[in-house]
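As a basis for the values below, the full set of heavy atoms in this structure was taken, side chains included, without hydrogen atoms, waters or symmetry mates. Quick caveat, the model's predicted, so the values are computed rather than measured. Just follow the structure's listing: the first ligand is 1, and inside any ligand the first atom is 1. Throughout, residue positions are numbered sequentially from 1 according to the sequence presented.
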Amino acid sequence: MKQQLEEIRARAAAALQSAGSLQELDAARVRFLGKKGELTAILKGMGKLTAEERPLIGQLANEIRADIEAHIQQNVELIKERMQEEKLKAETIDVTMPSQKHELGHKHPLSIVLDEVKDIFYGMGFSVASGPEIEWDYYNFEALNIPKEHPARDTQDTFYITENMLLRTQTSPCQIRVMEQQKPPIRVIAPGRVYRSDAVDATHSPIFHQIEGLVVDKGITMADLKGNLESFAKSLYGEDTRIRLRPHHFPFTEPSCEIDVSCFNCGGKGCPMCKGEGWIEILGGGMVHPKVLKNCGVDPDVYSGFAFGIGLERLVMFRFNIDDMRLLYENDVRFLNQF
Ligand code: DAH
């Protein structure tokens, strides 16, 4: 039996020697030490031994078991170490390799100019208001003195959700919402997205942006409108900029005007940018119509105000010399990267 045990020791040593993986080591453990393993089989036969032999063989068997276990343990460590080394080798980082480029985003040209406009008006004591893009017919038209069947509705055809609910065609409904919520003095701008059922071309888009302005207080006159908007134009285009008011008609202002700035490209001499005019139209405005004030519970005998609406896309296109509005919405990075 002693002989058999020594043979097991030798076989186990050989098997462990050649085991190259954790699985093979485990198989060897089962083969020699498992319930049906070779060593266990020998121990089962110990009953046949004499009383003198039994402790000697028992001791030897234990020794061999401990031996094999230690050997297995040692090999497990070695194999694990080797696997770790191989893994590290496979993962070696080449610090000289070019890194992946992370493109940093930046503001869209519409946001660049809008933020500038906001800053200018903040500096003049205005705050920013907003209103919903899905608007009631009442706010978008009725309260602004554009009743049903009014011809002004023709130029502002939009997308209707119900007969009384629509995508706003202008930011002017913000005037009504502000006056309903705030008592004068009021000094706000309301930038936002507006919608019209227009076909897309170089100067039209069914979605675009406006910046509304509203000032209401005691004793506000057309001179305030002119002074405020002249300051705005000078801040945006430079100290030499002049403005010009042309009579116009808007249902919610009386009198109404369109405002041009002297061409920031040629200074007013006439060039391709201003189409030889020397002037560029940038906004519409006027004195808030007494009916509009009344609709919002503001007494026109006590208060007066001026309002204006700026088309943001126009400002942006002039600022960056962009000749096609579609570029602003297509999100082509070759275009956007230039800003
Ligand atoms: N809402 C007008 C439009 O979309 C622009 C406008 C003109 C706004 C005059 C005003 C204003 O507040 O006073 O054409």
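Clustering ILVMFWY residues whenever any of their side-chain heavy atoms sit less than 4.5 angstrom apart, transitively, puts Phe232 in the very cluster that holds Phe306.
Residue-ligand proximity: His289 is placed with every non-hydrogen atom at 4.0 Å or more from ligand 1. Not close to ligand 1: His248, with no non-hydrogen atom less than 4.0 angstrom away.
Nearest protein neighbour of atom 11 (C) of ligand 1, counting heavy atoms only, is Phe252 CE1, 3.4 Å. For atom 2 (C) of ligand 1, the closest non-hydrogen atom of the protein is Gln170 OE1, 3.6 Å. Ranking the protein heavy atoms by distance from atom 5 (C) of ligand 1 puts Gly309 CA, 4.1 Å first. Nearest protein heavy-atom neighbour of atom 12 (O) of ligand 1: Glu212 OE2, 2.5 Å.
Applying the side chain to side chain donor-acceptor pair (under 3.5 Å) test between Thr169 and each of Asn140, Thr158, Asp157, Thr155 identifies Asn140 as the sole match.
Counting the atoms of ligand 1 from 1 in the order shown, those under 4.0 Å from a heavy atom of Gln210 are 3 (C), 4 (O). The atoms of ligand 1 that sit less than 4.0 Å from any heavy atom of Gly285 are 9 (C), 11 (C), 13 (O). Using a 4.0 Å cut-off to heavy atoms of Ala307, the atoms of ligand 1 that qualify are 12 (O), 13 (O). Annotation for ligand 1: atoms under 4.0 Å from non-hydrogen atoms of Thr253 are 13 (O). Interface atoms of ligand 1 facing Ser172, defined by a heavy-atom separation under 4.0 Å, are 1 (N), 8 (C). Close contacts of ligand 1 with Gly286, meaning ligand atoms under 4.0 Å from a residue heavy atom, involve 13 (O). Near Gln175, meaning under 4.0 Å from one of its heavy atoms, ligand 1 places the atoms 12 (O).
With respect to Asp137 and Lys148, a salt bridge is recorded, a charged nitrogen being found less than 4.0 Å from a carboxylate O.
From Leu283, atom CG reaches atom CD1 of Ile211 across 9.5 Å, with rounding to the nearest 0.5 Å.
Between the side chain of Arg168 and the backbone N or O of Arg193, at least one donor-acceptor pair lies under 3.5 Å. Side-chain N or O atoms of Asp201 include one that pairs as donor or acceptor with a backbone N or O of His204 at under 3.5 Å. Counting only distance, with no hydrogens or angles, the side chain of Arg177 and the backbone of Ser130 share no donor-acceptor pair below 3.5 Å.
Taking every heavy atom of both residues into account, Lys118 and Pro191 meet most closely at CE-CG, 4.0 Å.
Glu63 and Gln59 share no side-chain donor-acceptor pair at under 3.5 Å.
Residue Thr169 has no N or O atom closer than 3.5 Å to an N or O atom of ligand 1.
Note on ring orientation: taking the six-membered ring where Trp is involved, the planes of Phe320 and Phe339 are perpendicular (angle over 60°, cut-offs 30° and 60°).
The proximity of Arg168 to ligand 1, defined as any non-hydrogen pair under 4.0 Å, does not occur for either the backbone or the side chain.
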